[in-house]
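Worth saying up front: this structure is predicted, and the values here are computed from it rather than measured.
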Amino acid sequence: MTQQEIQDAINYFNTIRNSGRIEIEAEMRDKDRNRFVSRYTTLTGTAVPAISSTLPYYVWAPNADQNSKWGIELRIYFVSDATAPTSLLQRAKNNSRHGYTHFDKRINYNKLIWELFANGFRLGAN
């Protein structure tokens, strides 16, 4: 996504904010925790959730098999509508993840989500 497309996405998410239509999660290896916490708290001015063993903030145990995890994975689930920017929908996947089916779209794109954090969004429901 271009910077303009990211800004269009931020503007869109701001229009559906506080509607129960957006949720942001972070999942990472234990060795990435400090890096995430530092950046998240700098951008948001808030602490990460106190519990890191359940989503929206999940840190794998230090001894867990983490071969499939590479760094910090940020996800945003949302309910789209007719005003969603085309570039956002092109990046999104149809969501069918168990327990999240009330959201029709999911995006795993850290660059966008870090920008959302910098623009007032937080982990969890927004």
Side-chain angles (χ1 to χ4, degrees):
M1 295 176 84
T2 67
Q3 195 57 44
Q4 182 59 55
E5 290 169 335
I6 288 173
Q7 187 58 55
D8 292 344
I10 292 166
N11 294 341
Y12 171 71
F13 286 126
N14 273 322
T15 67
I16 63 171
R17 197 171 187 176
N18 300 317
S19 66
R21 296 172 51 192
I22 305 169
E23 184 156 333
I24 300 176
E25 295 181 344
E27 183 176 348
M28 70 210 66
R29 299 172 297 186
D30 182 66
K31 71 180 189 176
D32 296 312
R33 177 196 305 252
N34 290 340
R35 183 167 52 99
F36 175 80
V37 169
S38 177
R39 188 169 181 190
Y40 180 83
T41 56
T42 298
L43 290 175
T44 65
T46 62
V48 296
I51 299 172
S52 65
S53 60
T54 61
L55 294 169
Y57 174 55
Y58 186 82
V59 180
W60 287 48
N63 60 347
D65 177 12
Q66 301 171 11
N67 292 330
S68 64
K69 288 288 167 206
W70 300 95
I72 298 165
E73 181 179 343
L74 303 176
R75 295 182 291 270
I76 183 168
Y77 296 90
F78 64 101
V79 178
S80 64
D81 63 25
T83 66
T86 301
S87 59
L88 183 67
L89 295 177
Q90 288 172 338
R91 173 67 68 167
K93 296 179 181 184
N94 290 331
N95 181 51
S96 60
R97 185 174 175 194
H98 179 73
Y100 293 81
T101 54
H102 56 288
F103 300 107
D104 68 325
K105 301 291 182 191
R106 181 187 85 233
I107 295 177
N108 298 50
Y109 186 47
N110 287 11
K111 184 176 180 179
L112 169 62
I113 298 169
W114 284 120
E115 290 286 338
L116 287 170
F117 290 152
N119 282 274
F121 288 81
R122 306 289 183 265
L123 287 171
N126 285 267

_Test side chain to side chain contact (heavy atoms under 4.5 Å, CB included) applied to R97 and T101, step by step_ = CA-CA 6 Å; R97 185 174 175 194; T101 54; over 6 Å; no
Close side-chain approach of [X] and [Y], heavy atoms under 4.5 Å:
X: L88; Y: L112; answer: yes
X: R91; Y: M1; answer: yes
X: Y77; Y: E25; answer: yes
X: N95; Y: D104; answer: no
X: I16; Y: V79; answer: no
X: I24; Y: R122; answer: no
X: R106; Y: R75; answer: yes
X: K105; Y: F78; answer: yes

*asked:* Distance alone, cut at 3.5 Å: any donor-acceptor contact between the side chains of N126 and E23?
replied: no
How many angstroms lie between [atom1] in [X] and [atom2] in [Y], if you round to the nearest 0.5 Å?
X: L43; Y: N119; atom1: CG; atom2: CG; result: 9.5 Å
X: Q4; Y: S87; atom1: CD; atom2: OG; result: 9.0 Å
X: I51; Y: L55; atom1: CD1; atom2: CG; result: 12.0 Å
X: S80; Y: I22; atom1: OG; atom2: CD1; result: 11.5 Å
X: Y100; Y: S96; atom1: OH; atom2: OG; result: 13.0 Å

*Derivation and outcome, side chain to side chain contact (heavy atoms under 4.5 Å, CB included), residues N11 and T15*: CA-CA 7 Å; N11 294 341; T15 67; 5.8 Å; no
_Shortest non-hydrogen contact between R29 and W60, atoms and distance_ = CA-CB, 4.3 Å
*Measure across G124 and P56 and return the closest heavy-atom pair with its distance rounded to 0.1 Å.*
N-CB, 3.6 Å
*Test Y12 against Q7 for side-chain hydrogen bond (donor to acceptor under 3.5 Å, both in side chains), laying out the working first.*
CA-CA 9 Å; Y12 171 71; Q7 187 58 55; over 6 Å; no
*Step by step, would you call Y109 with I76 a side chain to side chain contact (heavy atoms under 4.5 Å, CB included)?*
CA-CA 8 Å; Y109 186 47; I76 183 168; over 6 Å; no
_Taking atom CG as the centre, does L89 end up with more than 12 heavy-atom neighbours from other residues, nucleotides or ligands that are less than 6.0 angstrom away?_
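Atom CG in L89 is packed in, count exceeds 12.
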*Among N108, I113, I107, which residue meets the side-chain contact (heavy atoms from CB on, under 4.5 Å) test with L74?*
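Exactly one pass, corresponding to I113.
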*Would you mind listing every side-chain hydrogen bond (donor to acceptor under 3.5 Å, both in side chains) that reaches into residues 35-44, with sequence neighbours excluded?*
D32-R35, T44-T46
*Mind checking what makes side chain to side chain donor-acceptor pair (under 3.5 Å) contact with Y58, not counting sequence neighbours?*
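In terms of side chain to side chain donor-acceptor pair (under 3.5 Å), with neighbours along the sequence ignored, Y58 is linked to no residue.
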*Just by distance, do the side chain of E5 and the backbone of T2 share a donor-acceptor pair under 3.5 Å?*
yes
*Quick one: sort the F13 and F121 rings into parallel, tilted or perpendicular, breaks at 30° and 60°.*
perpendicular
*Run the numbers on F36 and V59 for side chain to side chain contact (heavy atoms under 4.5 Å, CB included), then give the verdict.*
CA-CA 10 Å; F36 175 80; V59 180; over 6 Å; no
